[in-house]
Amino acid sequence: MKSINLKRGVLVALFCLAFVTFSNAQKQRGNDRKAPPTFAELVEELDANEDGKLAKDELKGPLKENFTEIDTDEDGFITEKEFKDAPKPKRKERRSN
């Protein structure tokens with residue numbers, strides 16, 4: 001009788017531990033998302049000539065790929081206002097399981 005209760009107790013404890021671990025993993029997965037960089041962060045990281053603007057040759061990724069759409073005044077630079085007014089990239093669709 002004691003052996004059965006002990007086994008049952010161990011199984012319940014393992015189940016609870018597995019549930020808590022799974023729940024924490026789910027919460028942490030949602031917190032891994034980074035916020036998009038601010039214009040100031042981009043300038044600090046990418047503005048090679050330190051003029052406060054971003055030229056096409058200083059950029060990479062979606063900003064470089066969509067440069068002509070973002071540079072609305074067509075002066076060859078992305079200013080803070082143009083960056084803020086730029087169309088936001090579309091989110092990737094989730095795969096359904």
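This structure is a prediction, so every number in the text was calculated from the model and none was measured.
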Do [X] and [Y] have side-chain heavy atoms sitting under 4.5 Å apart?
| X | Y | result |
| --- | --- | --- |
| Glu58 | Asn49 | yes |
| Thr72 | Asp85 | no |
| Leu46 | Lys60 | yes |

Between [X] and [Y], which heavy-atom pair has the shortest distance, and what is it?
| X | Y | answer |
| --- | --- | --- |
| Glu41 | Thr38 | OE1-N, 2.9 Å |
| Asp71 | Glu82 | OD1-OE2, 3.2 Å |
| Lys64 | Asp57 | NZ-CA, 4.4 Å |
| Phe83 | Leu42 | CE1-CD1, 3.3 Å |
| Phe67 | Leu54 | CE1-O, 3.9 Å |

For the atom pair NZ (Lys53) and CG (Asp75), what is the distance rounded to the nearest 0.5 Å?
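Between Lys53 NZ and Asp75 CG, I get 6.0 Å after rounding to 0.5 Å.
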Heavy-atom count around Glu74 CD within 6.0 Å, excluding the residue itself: above 12?
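No - once you tally the heavy atoms of other residues, nucleotides and ligands closer than 6.0 Å, there are 12 at most.
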Are Leu59 and Ile70 in one and the same hydrophobic cluster, where Ile, Leu, Val, Met, Phe, Trp and Tyr link if side-chain heavy atoms are under 4.5 Å apart?
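Linked within one cluster.
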